[in-house]
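Everything numeric in this text was worked out from a predicted model, so none of it was measured. Every number for a ligand or one of its atoms is a count from 1 in the order of the listing. Starting from 1, each residue takes its place in the sequence as its number.
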Amino acid sequence: MTDKNLPEPPSHLSPDEFRKHGHALIDWIADYWDRVEDLPVMSQITPGAIRDQLPTHAPEAGEPFQDLIKDLDSIVMPGITHWQHPSWFAFFPANTSPPSVLAELASAGLGVQGMLWSTSPAATEIESHVLDWLVDLLDLPTSWKTTEEGGGVLQMSASDSTHTALVVARHQAAKLGISPDSMVAYASTQTHSSMQKGATIAGYGHIRLVAVDEEQAMRPDELRVAIEEDRANGLSPIFVTATVGTTGTTGVDPIRSIGEICRDEDLWLHIDAAYAGNAMLCSEFRHHQDGLEFVDSYTFNPHKWLMVNFDCSVFYVANRSPLIDCLSILPSYLKNDASESGAVIDYRDWHVPLGRRFRALKLWWVIRSYGADGLRSMIRYHVALTKQLAHRLENDSRFEVVAPYPFALVCFRCVESDEATTRLIEAVNATGNVAWTGSELDGRPMIRVSIGQRATEERHVDALWSLIDELA
Ligand SMILES: *Cc1c(COP(=O)(O)O)cnc(C)c1O
């Protein structure tokens with residue numbers, strides 16, 4: 001019997017229309033990657049220019065899908081800064097890649113919520129398994145695997161991972177009766193802003209930034225002094241972030257020495273390897289992470305340098321019990337036999353959000369498509385290009401390289417004057433052909449050149465060097 005009062009069912013693009021527009025869109029992306037090199041790297045528009053092209057009100061009637069794709073070119077592209085441009089030397093890379101994009105699409109098509117094992121077992125099991133693979137690939141402690149006492153989980157960003165670690169450490173300390181107001185979190189003066197933000201959100205009363213040496217690495221002696229001073233003042237040292245590959249200069253904090261202090265003083269040790277963690281695929285970089293047996297938690301971003309498009313940040317804990325103890329809350333509608341059996345992982349207990357996408361698919365597909373060896377070759381290629389540029393700078397009396405370059409970032413300034421450095425930053429950016437980042441070190445201007453875009457080749461770095469040579 002049909003109810004005459006029932007409205008019409010909603011209409012959608014038909015499967016055939018979806019197929020047609022989907023194919024067109026894949027063509028569009030492939031063409032974009034083909035031509036991105038010829039576009040100005042940075043968006044050239046003025047504030048408001050994109051909004052001015054949008055109608056004041058949302059459309060009442062649906063529009064033909066071709067028009068939506070057309071507006072990618074006419075409205076969106078002028079407002080895009082091309083992170084996928086081979087002459088992208090700014091910040092750090094934010095790479096995407098064909099297998100990653102295709103996996104992202106498949107994940108969207110499946111549209112699952114993987115908050116519990118039972119809400120899509122494949123999402124959880126593939127995530128756990130691939131993150132266990134990465135424990136071996138990066139030579140991390142075996143105990144960090146989900147098959148052991150630790151475990152990995154994908155988060156949106158390293159900022160989330162660091163914040164989560166801070167929250168777990170605070171929770172443990174609070175159970176001992178320590179007040180958050182008296183808690184202190186430590187990191188070097190070169191730490192990423194996410195550390196300060198995470199500690200503030202997590203309610204730590206104090207954040208102490210510890211001095212670095214001339215190689216931009218945290219000084220363990222200074223950390224020890226800071227901890228002693230804080231204890232003498234009635235405060236409670238709780239948490240240390242050590243960074244492997246700082247954002248400013250890729251400085252590396254000495255994990256082993258810091259770890260020994262954390263062990264003696266009973267502090268939580270978190271490693272922020274957001275960028276440089278990716279390099280640990282290659283054994284020649286692993287001396288930079290010596291001392292991981294002292295570590296409680298670790299984060300790195302495949303969405304920076306491993307060709308998995310944003311968002312994909314890995315968070316490991318050496319022991320998952322404190323994490324789950326802190327974050328697990330069980331309302332009755334989430335109760336189920338699998339969870340109660342204790343035989344499965346429910347990732348909702350491993351981070352702040354409840355709902356979660358099938359992010360592991362793109363990490364899985366990227367690793368399978370390139371192979372570990374393909375990924376290692378990419379890292380080594382970028383590092384070799386960086387050394388080449390650094391040697392050119394070092395062998396030219398107009399420039400000075402201002403920090404070690406253990407990975408694929410080189411920082412330099414003009415010897416002549418700070419004004420010359422600032423002029424060079426602006427002159428190169430004004431060409432529109434490349435993007436790099438002007439920054440500061442010890443209160444003086446410097447230039448960061450990060451070489452890690454997926455499509456960057458020797459000719460792009462040569463072209464950058466020609467610009468530097470010509471405009472300095
Ligand atoms: C990029 C970076 C971060 C922040 O990463 P998000 O994933 O964007 O939060 C944190 N720490 C370091 C050292 C970084 O380079």
query: Which heavy atom of the protein is the closest neighbour of atom 5 (O) of ligand 1, given with residue, atom name and distance?
result: Asn301 ND2, 3.3 Å
message: So if I apply the side-chain contact (heavy atoms from CB on, under 4.5 Å) rule between Val252 and each of His288, His287, Met218, which one comes out positive?
response: His288
message: Centre-to-centre under 6.0 Å for His163 and Phe315, is that the case here?
response: no
field: For atom 8 (O) of ligand 1, the protein heavy atom that lies nearest, with its residue and separation
entry: Ser157 CB, 4.3 Å
statement: Of Leu409, Thr243, Thr250, Thr247, the one whose closest heavy atom lies nearest atom 12 (C) of ligand 1 is Thr247
query: Where does the angle between the aromatic ring planes of Tyr275 and Trp305 fall among parallel (under 30°), tilted (30 to 60°) and perpendicular (over 60°)?
result: parallel
message: Within ligand 1, which atoms have a heavy atom of Ala274 less than 4.0 Å away?
response: 2 (C), 3 (C), 10 (C), 11 (N), 12 (C), 14 (C)
statement: Closest to atom 9 (O) of ligand 1 among protein heavy atoms sits Ser159 OG, 2.5 Å
- prompt: Of all the atoms in ligand 1, which lie at a distance below 4.0 Å from a heavy atom belonging to Phe92?
  reply: 15 (O)
task: Please confirm whether Lys304 comes under 4.0 Å of ligand 1, counting heavy atoms of the residue only.
output: yes
Heavy-atom gap Gly245 to ligand 1 smaller than 4.0 Å: yes
- request: Check if Asp272 has a non-hydrogen atom at a distance under 4.0 Å from any atom of ligand 1.
  value: yes
query: Is Asp311 salt-bridged to Arg357, going by a charged N under 4.0 Å from an acidic O?
result: yes
May I have the list of side-chain donor-acceptor pairs in residues 290-300 shorter than 3.5 Å, sequence neighbours left out?
| from | atom 1 | to | atom 2 | distance (Å) |
| --- | --- | --- | --- | --- |
| Asp290 | OD1 | Arg256 | NH2 | 3.0 |
| Asp290 | OD2 | Arg256 | NE | 2.8 |
| Glu293 | OE2 | Arg256 | NH1 | 3.0 |
| Glu293 | OE2 | Arg256 | NH2 | 2.9 |
| Asp296 | OD2 | Leu269 | N | 2.8 |
| Ser297 | OG | Trp268 | NE1 | 2.8 |
| Ser297 | OG | His270 | ND1 | 2.8 |
| Tyr298 | OH | Gln289 | OE1 | 3.3 |
| Thr299 | OG1 | Ser161 | OG | 3.2 |
| Thr299 | OG1 | Ser313 | OG | 3.3 |
| Thr299 | OG1 | Val314 | O | 2.9 |

Electrostatic pair Asp462:Arg392 at N-O distance under 4.0 angstrom: yes
field: Asp221 bridged to Arg219 by N-O distance under 4.0 Å
entry: yes
- prompt: Within less than 4.0 angstrom of ligand 1, does His303 place any heavy atom?
  reply: yes
task: Would you tell me which option among Gln155, His192, Met156, Met195 has the nearest heavy-atom contact to atom 3 (C) of ligand 1?
output: His192
- line: Those residues at least two apart in sequence (or on a different chain) that pass salt bridge (Lys or Arg N to Asp or Glu O under 4.0 Å) with Asp73 are Arg35
message: What's the separation between atom NZ in Lys387 and atom CZ in Arg380, rounded to the nearest 0.5 Å?
response: 11.0 Å
- prompt: Does ligand 1 have any atom sitting under 4.0 Å from a heavy atom of Ser313?
  reply: no
Atoms of ligand 1, numbered as shown, that sit under 4.0 Å from any heavy atom of Ser194: 10 (C)
